[in-house]
Each structure stands twice: as structure tokens, then as C-alpha cells.
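In what follows, every chain begins at residue 1, and chains take the letters A, B, ... in the order their sequences are listed.
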Amino acid sequence: MLIKEIMTTGVITASPDTTVQEVAGLLEKHRINGVPIVDDRNRVVGIVTARGLVSLYLPSYLKLLDKVFHLLDFDRFKDKANRFASTPVKDVMEKDVICVDAEDSVVEVAAIMVNKHIRQVPVTREGYLVGIVTKSDIVKALANHNLDI
Amino acid sequence: MNEAWIALGIFIFTYALIISEKVSKTTAAILGAVFMVVLRILNQHDAFGFIDFNTIGLLIGMMTIVAITRRTGIFQFMAIKTARLAEGNPWKILVSFSLITAVASALLDNVTTVLLMVPITLVVTDTLDVNPKPFLISEILMANIGGTATLIGDPPNIMIGSATRLGFLDFIVNLTPVVIVIFIAVLMILKFIFGEEMQVSTKKAREKIKNLDEQKILDDKSLLVRSLIVLGVTMLGFLFHQVLGMESATVALLGAALLLLWSGEDPDEVMDEIEWSTIFFFAGLFIIVGGLEETGIIDLLARGVLSVTKGNLVLTVLGVLWVAAIASTIIDNIPFVATMIPLIHTLGNIGGFQDLTPIWWALALGACLGGNGSLVGASANVVVAGIAERHEYPIGFNEYLKYGVPIMAFTILISMAYIYLRYL
């Protein structure tokens with residue numbers, strides 16, 4: 001089975017100059033976990049995920065901490081995130097986006113998602129965005145097609 | 001003579017690679033070491049013979065103990081406890097963090113110490129809403145100063161202890177006193193530089209610090225107890241290793257084996273945390289310097305030094321102290337000390353010095369404290385600067401020099417007075 005058979009088309013996207021606040025609104029309104037950021041020719045230049053937005057509230061040295069999370073000062077990071085609200089997403093988006101091709105197999109994309117710990121992957125054809133596939137799409141495929149991937 | 005030139009060429013090439021930072025220092029050292037064998041300066045058997053396995057074993061043993069002990073959170077616990085006791089006063093917190101950093105560095109390696117202290121420092125300075133830079137700079141300085149105090153505190157000391165008959169207790173008796181003086185003196189300088197901006201903290205921030213809960217950090221009490229007991233036994237082992245006729249690596253590896261057994265931690269995971277690149281860096285350097293020894297370059301250098309100092313002990317000691325300090329400011333102190341050790345041994349053989357001990361202390365103080373001079377002087381500095389850079393508070397190379405060079409020079413002056421009064 002190929003990705004084009006299970007992907008969602010009509011992807012919710014945003015331009016690099018959209019504000020963080022607006023993108024957060026998109027995530028909330030459409031109940032999705034990620035918004036691909038595309039240029040004016042519909043090529044993927046980045047992605048903003050719910051995880052990425054939440055991490056704006058967290059200190060940049062989070063990775064170095066272990067077991068002292070309860071000591072973090074919320075006020076400090078709330079201020080920081082408030083500052084980010086009006087920032088264009090191009091300043092905070094993840095720029096190294098993993099994209100897959102519409103002709104790739106589902107099992108390959110499933111492997112990428114699990115291996116890279118990502119929940120959604122933009123689908124492109126010749127570099128242009130044509131869809132998005134999420135873990136739930138794969139679960140759905142599993143359920144409907146009786147593991148025929 | 002031809003061989004000597006090749007060996008010298010490999011040595012200079014390796015040093016140049018390390019200084020250029022174009023490739024990792026470990027890659028440079030392995031490359032140089034392999035060339036010593038490929039170009040037939042040393043045969044493989046002799047090359048491996050030059051590796052000081054006491055140094056390697058001591059490093060691996062201590063890294064294993066630390067890898068397990070750090071999981072208990074004891075260092076973060078102490079940091080938060082003292083921050084609360086300091087009632088959120090930034091200067092008092094800086095002093096207590098400096099003390100924890102210095103003591104931890106004396107017992108563990110400096111890089112581990114700063115890796116544990118810097119994140120918790122950022123948590124506290126964020127809570128207090130104060131500039132973390134004075135804290136980070138003082139932790140760099142104190143890691144190197146504390147590390148100077150003991151045989152196991154800093155790589156130069158590990159190598160010196162391994163290459164001589166000087167044991168753990170000798171380092172404590174001869175270096176710890178002057179390190180305590182230097183610690184206090186540097187704190188006074190820091191107070192002078194940063195004292196004013198260290199007074200402000202809002203009432204709200206102080207309240208927040210008071211409410212931090214350090215007990216929650218210690219979530220594995222049984223591992224904590226086991227780690228502390230083994231660490232304590234290992235320290236006792238170090239204190240008596242000479243009496244017991246044990247090399248320091250034996251003590252460290254015994255501690256490591258006991259803790260692996262008693263904690264039940266997965267050795268694969270623990271070994272992942274050992275800095276193998278550092279271990280290979282040491283091994284490579286030992287072989288490269290071995291090539292210099294074998295071909296007579298070290299002998300030549302030693303004669304050169306003697307022709308300058310005319311065999312005068314005072315001149316030699318003070319020369320070693322300052323050259324070590326300046327060299328360690330510019331390059332990593334590990335390759336420098338690896339080169340100096342056979343050089344000093346040779347000085348002893350051909351220079352007729354009765355007692356080399358003051359020269360060894362000068363090398364230890366110069367190389368360890370010299371590491372404070374610049375951001376590249378010691379591994380701990382590089383690590384702190386790296387974290388600071390990635391986390392919004394970059395410490396510039398030149399910015400650090402303004403503090404590093406004068407403070408380093410001041411600590412070397414204290415060391416000079418100490419060595420002169422006590423040994424010469």
C-alpha cells in the first residue's frame with residue numbers, strides 16, 4: 001500500500017510570516033498536531049508541531065536536566081512564550097523537516113515515524129506539498145485493511 | 001637522527017591539529033599515534049607499552065563510579081539545599097555553588113562536575129531572574145581550582161601521580177592547602193567584580209527559592225546510600241593506597257566493580273556514559289610522546305632547558321610553573337603535561353636534581369590553574385561555554401579572557417609564593 005492511498009489531502013498550512021499565535025490557533029481549531037509551513041510555491045520550508053509550541057514555554061537547557069523538572073519556574077517561561085506569540089513562525093519552526101513522497105510505501109513511512117519519534121509527515125510530489133500523513137492515518141489503515149500494508 | 005625528525009614532525013603536526021580545532025583532538029591524537037607506528041618510529045608492541053594504563057584505569061574507574069552516582073541526583077540536591085539555606089541571596093548562592101563545584105571537582109572529574117552544576121545553576125538563576133554569567137564563570141574557575149587539590153581531581157594530576165611515586169595523600173598534603181588559599185582569594189576577587197550586581201533579588205524570587213523542594217530529587221534512596229558508601233570506601237582506598245601497596249587505578253576500578261555489582265545498574269548503560277574519546281585521547285598522546293622519548297627528542301629538550309636554567313632548581317621550578325600556566329591557557333593541558341612528564345624525568349637524570357618533588361608540584365599547579373586562563377584552557381571551560389552558548393547566555397572568548405587571564409595570573413603568583421616558601 002502506498003502513502004497516497006491513506007494520506008490526507010487539503011492540508012492546513014501556513015506561510016513563514018504567520019505569527020506563532022495564529023499557528024497555535026490553527027492547531028487548536030482543526031484539532032491537529034502539526035502545521036507544515038510552505039512558501040508561496042507550496043514547497044515545505046518547515047513545520048510547527050504542538051510539541052514544538054509547548055517547548056517554547058520550557059527552558060532551552062531542558063535537555064540537560066534530569067529529575068529536577070519540578071523546580072522550573074513557570075513565570076519566567078510564560079513571559080518568554082508571551083514574547084513569542086507575535087513572532088513569525090519562521091523564527092521558531094523546525095527547519096529540518098522529514099517529508100515523504102506520495103509514492104512511498106506505508107511501511108516505510110511507518111518506520112520513519114517510529115524511528116524518528118514524529119507524529120506526522122508532510123507528503124510531497126516532486127518537492128510540492130500534496131498531503132500529510134499522521135500516525136492515526138496508519139492506525140486507521142491497519143484497522144481497515146487488516147494489516148495489509 | 002632521521003627518525004627523530006619524523007617523530008618531531010608527527011608531534012608538531014598533532015599539536016597543530018589540536019590547536020586548529022579543525023578535527024577533534026581525539027582524532028588528532030589517534031592519527032599521530034598510528035603514524036608513529038606506520039612510519040616505524042615505534043613498533044606496535046612498544047607503542048602500546050608507552051600507554052600509561054594506571055592513568056587509563058583510574059579514569060575509567062572514576063568515570064564508572066561517577067556515571068552511577070550522578071543518577072542519584074545528590075549534586076542537584078546539595079545545590080538546591082544550599083540555595084534555600086542562602087535564602088535566595090544571589091551572592092551567597094554563588095559562594096555555595098562555588099564551594100560545591102570546587103569540592104566535587106576535587107573528588108570527581110571537572111567536566112562531570114560542571115555538567116551537573118550548570119543546568120541546576122540555570123534553573124536557580126532563572127528562578128531568581130538574575131544574570132547567570134557570574135555563576136557560570138565562577139564555576140569554570142572553581143572546577144579547575146578544586147580539581148588541582150587532589151590526585152584524582154584533574155587529568156594533569158592523575159598523570160603526574162601515575163608517573164611518580166607521589167600518592168593521593170602527598171597531593172592532599174602538598175596541594176590542598178594552597179588550593180584552599182586560592183579558593184578564598186578568587187572568591188574575594190569575584191566579590192569585587194560581581195558583588196554589586198549580586199545583591200539584587202526580589203522578594204518574590206526569594207520566596208520562590210524558599211519553596212523549592214529538594215527532597216523530591218532524591219527519588220532512589222537505596223542507590224544513593226550504596227553510591228555514597230562505595231564513594232566513601234573508594235576515597236579511603238585512595239588515602240591508604242600507598243600503605244596498601246595498591247596503584248590508584250586498582251582502587252578506582254575496585255570501587256567501580258563494587259558499585260556495578262551492588263547497584264545492579266546495567267553495565268552497558270553505564271559504559272555508554274564513559275568518555276571513551278577522552279580515554280583514546282590519552283592513549284594516543286602517550287604513544288606520541290613515547291615516540292619523542294624513543295628517538296631522543298625529549299632528551300634534547302631537557303638538555304636545552306638545562307642550558308637555560310644552568311641546573312638552578314629555583315629557576316627550573318618557577319620556569320616550569322609559568323610555562324605550564326601559559327601553555328595550559330593556550331592549549332589543552334593534557335598534551336602539555338604528557339610531554340612534560342618524561343622531560344622532567346630526564347631533567348632529573350641528567351640535571352642531577354636530588355629531589356624532583358617541587359618541580360612536580362609546580363607542573364601540577366601551573367597546568368591545572370593555567371586551565372583557567374582562557375575558554376579553551378581546560379575541558380570544563382569548553383563544556384560550560386558550549387552550554388551557555390546554546391542556552392541564550394553566550395560567554396565570548398575575549399569576554400572570558402578579561403576575567404580568566406588576570407585571575408589565572410593571580411593564582412599562579414600565589415602558587416609561586418607557596419612553592420618558594422615551602423620547598424625552595
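For B/Phe194 and B/Tyr403, the gap between ring centers is short of 6.0 Å.
A/Asp101 is not listed as a side-chain neighbour of A/Ile3, based on a closest heavy-atom distance of 4.5 Å or more. Using a 4.5 Å cut-off on side-chain heavy atoms (C-beta onward), B/Phe97 and B/Ser138 make no contact. At a threshold of 4.5 Å between non-hydrogen side-chain atoms, the residues A/Val97 and A/Pro122 count as touching.
With respect to A/Lys90 and A/Asp17, a salt bridge is recorded, a charged nitrogen being found less than 4.0 Å from a carboxylate O. One finds no salt bridge joining B/Lys210 and B/Glu87 here, because no Lys/Arg side-chain nitrogen approaches an Asp/Glu carboxylate oxygen to under 4.0 Å.
Contacts between residues 213-224 of chain B and chain A, defined by a heavy-atom separation under 4.5 Å, are made by B/Asp213, B/Lys216, B/Ile217, B/Asp219. Chain A is approached within less than 4.5 Å, heavy atom to heavy atom, by B/Pro119, B/Ile120, B/Leu122, B/Val123 from residues 106-125 of chain B, ordered by number.
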Worked check of side chain to side chain contact (heavy atoms under 4.5 Å, CB included) between B/Thr69 and B/Leu259: CA-CA 9 Å; B/Thr69 307; B/Leu259 191 53; 4.0 Å; yes
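Figure legend: B/Lys133 and B/Tyr393 shown without cation-pi pairing, the cationic atom not lying both under 6.0 angstrom from the six-membered ring centre and within 45 degrees of its axis.
Within the structure, the salt bridge (Lys or Arg N to Asp or Glu O under 4.0 Å) test picks out the following pairs touching residues 27-41 of chain A (sequence neighbours left out): A/Asp39-A/Arg43.
With a 4.5 Å cut-off on non-hydrogen atoms, B/Arg70 does not touch chain A at all.
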Would you mind writing out the side-chain donor-acceptor pairs for residues 48-58 of chain A within the sub-3.5 Å range, not counting sequence neighbours?
residue : atom : partner : partner atom : Å
A/Thr49 : OG1  : A/Gly52 : N            : 2.9
A/Thr49 : OG1  : A/Glu94 : OE2          : 3.2
A/Ser55 : OG   : A/Gly52 : O            : 2.7

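Your options are B/Thr127, B/Asn211, B/Asp126, B/Leu212, and the one with the most heavy-atom pairs under 4.5 Å with chain A is B/Asp126.
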